[in-house]
Amino acid sequence: MNKPAAITAHVDADTLAMVEELAAAQGRSVADFAAEVIQRVAESEADYRAFIQAGIDAADRGEFVSHEDVMAELDAMIERHEARCRG
């Protein structure tokens, strides 16, 4: 396990009240609640960055759908929908 480190952050009164309420509802300290929230957001952001990078890498390799193809498919979807609505 990594050695814990302290982080100091300034939050407005409304945010602090929300954090205190949520932590209390879970029977946890504000510090424990904040640590978990920071970890969750950091993991989510790391996943998002990796997702974006995968798309950039694919585009760099030429693995993408052209704008024209996307628009043609959307137009076809709209036409099918409108046809269903017309009966």
Side-chain angles (χ1 to χ4, degrees):
M1 181 175 182
N2 293 330
K3 180 180 176 186
I7 295 176
T8 301
H10 298 278
V11 297
D12 61 59
D14 290 340
T15 301
L16 178 58
M18 189 180 346
V19 168
E20 289 172 338
E21 181 181 329
L22 292 167
Q26 295 178 12
R28 303 169 66 187
S29 70
V30 168
D32 286 344
F33 179 84
E36 182 179 331
V37 169
I38 290 169
Q39 180 181 7
R40 284 189 200 177
V41 171
E43 289 171 352
S44 176
E45 287 293 315
D47 289 346
Y48 180 69
R49 289 176 61 103
F51 173 77
I52 295 298
Q53 190 60 54
I56 291 169
D57 293 345
D60 287 346
R61 292 188 303 270
E63 300 170 359
F64 56 88
V65 178
S66 72
H67 174 76
E68 292 77 17
D69 289 345
V70 170
M71 293 309 297
E73 180 62 27
L74 286 174
D75 289 341
M77 289 171 65
I78 291 167
E79 179 57 35
R80 287 191 302 271
H81 173 74
E82 289 176 344
R84 281 194 314 269
C85 290
R86 288 190 294 264

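Just so it is clear, the values below take in all heavy atoms, side chains as well, and ignore hydrogens, waters and symmetry mates. Each residue takes its place number in the sequence, starting with 1.
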Please lay out, stage by stage, how R86 and E79 fare under the test salt bridge (charged side-chain N to carboxylate O under 4.0 Å, His left out). CA-CA 10 Å; R86 288 190 294 264; E79 179 57 35; 2.9 Å; yes
Any chance you could lay out the salt bridge (charged side-chain N to carboxylate O under 4.0 Å, His left out) test for E36 and R40, step after step, and finish with the verdict? CA-CA 6 Å; E36 182 179 331; R40 284 189 200 177; 2.4 Å; yes
Before giving the answer on side-chain hydrogen bond (donor to acceptor under 3.5 Å, both in side chains), spell out for D69 and S66 the whole-Å C-alpha distance, their side-chain angles and the decisive distance to 0.1 Å. CA-CA 5 Å; D69 289 345; S66 72; 3.3 Å; yes
With salt bridge (charged side-chain N to carboxylate O under 4.0 Å, His left out) as the criterion, how do E73 and R80 come out once you've worked through the C-alpha distance, each side chain's angles and the decisive distance to 0.1 Å? CA-CA 11 Å; E73 180 62 27; R80 287 191 302 271; 3.7 Å; yes
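Clustering ILVMFWY residues whenever any of their side-chain heavy atoms sit less than 4.5 angstrom apart, transitively, puts I78 in a cluster other than the one holding M71. Hydrophobic clustering, with ILVMFWY side chains joined whenever heavy atoms are under 4.5 angstrom apart, keeps Y48 apart from V41. Taking hydrophobic clusters as Ile, Leu, Val, Met, Phe, Trp and Tyr residues chained together by side-chain heavy-atom distances below 4.5 Å, V37 shares a cluster with V30. Criterion: ILVMFWY side-chain heavy atoms under 4.5 Å apart, direct or through other members. Under it, F64 and V70 are not part of a common hydrophobic cluster.
In plain terms, the two heavy atoms of S29 and A23 that are nearest each other are O-CB, 3.8 Å.
Counting only residues at least two apart or on different chains, the side chain to side chain donor-acceptor pair (under 3.5 Å) pairs with a member in residues 54-64 are Q53-D57, R61-E63.
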Quiz: residues 8-15 side-chain donor-acceptor pairs under 3.5 angstrom, not counting sequence neighbours:
{"unit_1": "D12", "atom_1": "OD1", "unit_2": "D14", "atom_2": "N", "d": "3.0"}
{"unit_1": "D12", "atom_1": "OD1", "unit_2": "T15", "atom_2": "N", "d": "2.7"}
{"unit_1": "D12", "atom_1": "OD1", "unit_2": "T15", "atom_2": "OG1", "d": "3.0"}
{"unit_1": "D12", "atom_1": "OD2", "unit_2": "T15", "atom_2": "OG1", "d": "3.4"}

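Remark: E20 CD to M18 CE distance equals 11.5 Å, nearest 0.5 Å.
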